[in-house]
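Each remark here refers to the structure printed beneath this line.
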Amino acid sequence: VQLQASGGGLVQTGGSLRLSCTASGRTFSSYATGWFRQAPGKEQEFVAAIKWSSSSTYYSDSLKGRFTISRDNAKNTVYLQMNSLKPEDTAVYYCAVGPYIDYVPARYAYWGQGTQVTVSS
């Protein structure tokens, strides 16, 4: 089981990025995929999650409206569209897969390597 996160980079305040998380090694038709982020000196923070088998999505209340999670089952890929980015969004973003939607990182069994997002002011 491997997760490959990509799409991070440097963007100015107000810009957009789309992160991708591609799974390989097995199918995740009954699992959930979450995005988390961790800024320097801070704890890991839940961003968004989606179930593979339905259109159910979940967001951090503070990010709802700016971030959108979606999936492409045929590509085994989950996306995180991030708009109106702010300097406080700067962090390493991780994708993770687990048996169900959860806001707690420890409940996810598989993790990607993380992709850096830096928002300049």
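Note that the structure is a prediction, hence the values are computed from the model and not measured.
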Given side chains that start at C-beta, do those of [X] and [Y] come closer than 4.5 Å, heavy atoms only?
X     : Y      : answer
Asn83 : Ser16  : yes
Leu3  : Thr33  : no
Thr90 : Gln116 : yes
Leu63 : Arg37  : yes
Glu45 : Ser62  : yes

- Shortest non-hydrogen contact between Cys21 and Trp35, atoms and distance: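 The pair with the smallest heavy-atom distance is CB-CZ2, 3.6 Å.
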[X], [Y]: one ILVMFWY side-chain cluster at the under-4.5 Å cut-off?
X     : Y      : value
Leu19 : Leu85  : yes
Met82 : Tyr79  : no
Tyr94 : Tyr110 : no
Leu80 : Val117 : yes
Val97 : Val92  : no

Problem - salt bridge (charged side-chain N to carboxylate O under 4.0 Å, His left out) partners of Asp102, counting only residues at least two apart - result: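 With sequence neighbours excluded, Asp102 shows a salt bridge (charged side-chain N to carboxylate O under 4.0 Å, His left out) to Arg107, given in chain and number order.
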Quick one: pull up OG in Ser121 and CD in Gln12 and give me the separation to the nearest 0.5 Å.
->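 Atom-to-atom, Ser121:OG and Gln12:CD are 9.5 Å apart.
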With no hydrogens and no angle check, is any side-chain donor or acceptor of [X] less than 3.5 Å from a backbone partner on [Y]?
X      : Y      : result
Tyr59  : Ile69  : yes
Gln113 : Ala5   : yes
Thr13  : Ser120 : yes

| Side chains of Thr22 and Thr77: is there a donor and an acceptor less than 3.5 Å apart? | yes
What residues form a ring pair (Phe, Tyr, Trp, His ring centres under 6.0 Å) with Phe36, not counting sequence neighbours?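 Residues passing ring pair (Phe, Tyr, Trp, His ring centres under 6.0 Å) with Phe36: Phe46, Tyr108, Trp111.
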* Take the angle between the ring planes of Phe67 and Tyr93 and call it parallel below 30°, perpendicular above 60°, tilted in between. =>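 It falls in the tilted class, 30° to 60°.
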